[in-house]
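Model, not experiment: these values are computed from the prediction.
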Amino acid sequence: MTKRKKIKVHLTRTSLPSELLEEALSEIDIKVDIVESSFLLAAHSKVKYDLLWCGCDTEDALPATFQNRIPAIKFVCRKGPLCQLVNLMQELFPGEFSFMPLSWPIPSHYAEFCHYAFTLKGSSKNTQFYILKPDEGSQGDGIYLFKSPTDITQGTLSRNSVVQTYIHNPLLIDNFKFDFRLYVLIAKLDPLEAYMCKEGLARFCTEKYQKPSHKNIGKAYMHLTNYSLNKYSAEFDRSEQDYLGSKRTVSSVMKALKMSGIDTDKIWARIEEVVFKTLICIAPLTKVEQLNIENFQVNTSQYFHLLGFDILIDQNLKPFLLEINGFPSMRTDSEIYDSLMNKTTIPSPVDQKVKKIALKGALHILLKNCTDDSYCPIIQPPLLEGEKKKYLIFEDCCQLFTLFIKRSSLRKGSLLGSSGFRTFVRTCKILQIVRGITNADMDLLYINVCQQSDCNSGKCLSFMSFYRILLTLSTKTFPEDTLVAGLRKFVDACFKNYAQTMKITVAR
């Protein structure tokens, strides 16, 4: 009889129940020795664990073979950076990245939003409502619907948020709005390897849906699917059956949709495409942001991350990415509140079922280095082949930026200062690529972009700002080409000149 593998696990400040973890590992024939602590594992600890599952942010290199948090991913999961990344790719590939509602980070893009909204307001058929979400908000906090830019409060404009067009035609079941929480495993960041769990949570509103109007936009239980809000509703149904109630399994909802004549295979294929393209957006910038983490490069752990993708399906069966939860809850209980808001906690069979499937499959892939029937592959090395290779342009832009971050004397993590920018201009021979431009022009371009920068100091370039410079220069150099074709030619020329100047070969 083959001896079962045994691993050491350290749980720190996490919603993941140790019993659930033990059950999941047992089903893949792994025994476990679990240590739970409210303190972070010390970086210099002499005890090395096979798995560290941490429920809080940590940027330290910790003694574990596998760590459940890719440190820099929290930045790209924020609503503002995420919508900027998707907007960027939509600009390069029109129509191919339209899987998010139209989005504007504010206050930085408030003027653009106002122009759009007031232009639309002049239309006699204008029925558009909008939804505002705090950039780093969670659990429905601070979210509200509105009709006009003038409805946004001054307090909101003083903090980072995102405004999106509200999807007024969601797919309904029994006249209730719902969305999906799907679990996506990033098994490796470089090279990118990712999988999506075939099971998830379907989260229902607790008041029957009506199209938004001035009379009902304040009804959170009608318009917002967040469990953290709807659990307070007197109408929240905590059914023990996974195909009933206010929280169900995705598979049961898909089965019901299929029985009603809807092509669920088409929905799944479209959801997989949304997840794939989202990962193509966020992975390169995550690697850039890791330059902010001093200890990341010295850690020998394999970082992985389980993300929560929130997907809404409209009546045309088009999936929309609402947001990414960088740290989805692994709790398996449910909260009940009485009229005095006293809380009682009871087990949630739906959460237990779904999260055990998600956890077991993820650990099976990671710890046994094999496929799992509960997950479908989204991206596996080699990263992109065939038609999809065109999306590597964003990866190349990030890599070009990283080359000069590493050589910059500024040493400000993922920001590029003036000296690093001038090194970029000189090393990549920008004045030879862009005819008629001078060093003074480049300095002025740097200053202008820095003044509009999305980073705090305003005196250096974030990747987003650097990308805007690349796009400006490529458009000037190759005006007859499409944006993406011109950018591809410009970036290729930069890499070629860099390699010649440095007398090295750049792996891409």
Side-chain angles (χ1 to χ4, degrees), residues 1-38 41 47-56 64-69 180-187 195-203 227 238-245 247-252 301-309 325 327-336 344-376:
M1 185 175 178
T2 306
K3 188 176 180 181
R4 293 175 68 191
K5 180 179 179 181
K6 187 173 183 178
I7 65 171
K8 290 176 68 70
V9 177
H10 193 281
L11 300 181
T12 303
R13 303 179 195 172
T14 175
S15 62
L16 172 63
S18 58
E19 300 84 3
L20 180 69
L21 176 62
E22 196 165 355
E23 261 186 74
L25 287 169
S26 178
E27 291 190 15
I28 57 174
D29 204 31
I30 294 178
K31 292 176 24 177
V32 62
D33 180 12
I34 299 176
V35 175
E36 296 186 74
S37 171
S38 59
L41 191 61
V47 180
K48 183 169 182 178
Y49 289 85
D50 298 290
L51 172 64
L52 170 67
W53 196 287
C54 185
C56 58
T65 305
F66 290 92
Q67 288 186 223
N68 76 311
R69 295 209 168 194
F180 291 158
R181 162 62 60 82
L182 295 170
Y183 298 94
V184 175
L185 170 68
I186 299 182
Y195 305 82
M196 183 178 73
C197 187
K198 298 175 185 177
E199 188 59 281
L201 294 171
R203 308 173 302 179
Y227 163 73
R238 293 173 176 81
S239 173
E240 292 193 2
Q241 304 299 321
D242 64 11
Y243 55 90
L244 297 172
K247 190 187 283 188
R248 312 178 191 179
T249 60
V250 167
S251 59
S252 72
S301 295
Q302 178 176 326
Y303 290 91
F304 67 95
H305 212 105
L306 197 61
L307 298 170
F309 274 59
N325 189 318
F327 312 114
S329 171
M330 297 303 288
R331 288 181 60 174
T332 57
D333 54 19
S334 182
E335 298 170 347
I336 299 177
T344 303
T345 301
I346 61 173
S348 169
V350 174
D351 281 286
Q352 288 176 336
K353 178 178 181 179
V354 169
K355 290 171 183 176
K356 186 168 81 169
I357 291 172
L359 184 62
K360 183 189 79 171
L363 294 175
H364 195 197
I365 292 168
L366 292 164
L367 300 179
K368 292 205 166 182
N369 194 28
C370 60
T371 58
D372 188 274
D373 290 341
S374 62
Y375 275 76
C376 58

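Applying the side-chain contact (heavy atoms from CB on, under 4.5 Å) test between Lys353 and each of Thr332, Leu201, Thr249 identifies Thr249 as the sole match.
Minimum interatomic distance between Leu16 and Thr14 (heavy atoms only, all atoms of both residues): N-OG1, 3.0 Å. Looking at every heavy atom in both residues, Gly200 comes nearest to Val354 through O-CG2, 3.4 Å. When all heavy atoms of Tyr375 and Ala358 are compared, the closest pair comes out as OH-O, 2.6 Å. Across every non-hydrogen atom of Lys360 and Ala24, the tightest pair is CG-O, 3.5 Å. Between Gln352 and Pro347, the closest heavy-atom pair is NE2-CB, 3.9 Å. In terms of heavy atoms, Pro328 sits closest to Tyr183 at CB-CE2, 4.1 Å.
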Original post:
Run the side-chain contact (heavy atoms from CB on, under 4.5 Å) check on Asp29 and Lys368 step by step: do they pass?
Top reply: CA-CA 10 Å; Asp29 204 31; Lys368 292 205 166 182; 3.9 Å; yes

**OP:** Please step through side-chain contact (heavy atoms from CB on, under 4.5 Å) for the pair Leu182 and Cys197, ending with a clear verdict.
**Re:** CA-CA 7 Å; Leu182 295 170; Cys197 187; over 6 Å; no

**OP:** Take Leu51 and Phe304 through the side-chain contact (heavy atoms from CB on, under 4.5 Å) test and state the conclusion after the steps.
**Re:** CA-CA 11 Å; Leu51 172 64; Phe304 67 95; 3.7 Å; yes

Subject >> Derivation of the side-chain contact (heavy atoms from CB on, under 4.5 Å) call for Asp351 and Ser334 >> reply: CA-CA 8 Å; Asp351 281 286; Ser334 182; 5.5 Å; no

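The pair Asp33-Lys6 fails the salt-bridge criterion, with no side-chain N (NZ, NE, NH1 or NH2) lying under 4.0 Å from an Asp/Glu carboxylate O. By the 4.0 Å N-to-carboxylate-O rule, Asp50 lies too far from Lys8 to be salt-bridged with it.
Judged by distance alone, with hydrogens and angles left aside, the side-chain atoms of Arg203 form no donor-acceptor pair with the main-chain N or O of Arg181 at under 3.5 Å. Put simply, the side chain of Glu199 gets close to the backbone of Ser251: a donor and an acceptor are under 3.5 Å apart. Of the possible polar contacts, none joining the Gln302 side chain to the Thr65 backbone as a donor-acceptor pair under 3.5 Å is found. In this structure a side-chain-to-backbone donor-acceptor pair under 3.5 Å is missing from Ser15 to Ser329. Between the side chain of Arg238 and the backbone N or O of Glu335 there is at least one donor-acceptor pair closer than 3.5 Å. Within the 3.5 Å criterion, the main-chain N or O of Cys376 finds no donor-acceptor partner in the side chain of Lys198.
Put simply, the side chain of Leu21 reaches to within 4.5 Å of the side chain of Leu359, judged on heavy atoms.
With rounding to the nearest 0.5 Å, the separation of CG in Leu185 from NE2 in His305 is 10.5 Å. Considering CZ of Arg13 and OG of Ser37, their distance stands at 8.0 Å, rounded to 0.5 Å. Annotation: the span from Asn68 atom CG to Tyr303 atom OH amounts to 11.0 Å, rounded to 0.5 Å. Annotation: the span from Asp373 atom CG to His364 atom NE2 amounts to 9.0 Å, rounded to 0.5 Å. To the nearest 0.5 angstrom, Ile28 atom CD1 is 5.5 Å from Leu363 atom CG. Atom CZ in Phe327 sits 9.0 Å away from atom CG in Leu307 (nearest 0.5 Å).
Using a 30° and 60° split on the angle between ring planes, Tyr49 and His10 fall in the perpendicular class, above 60°.
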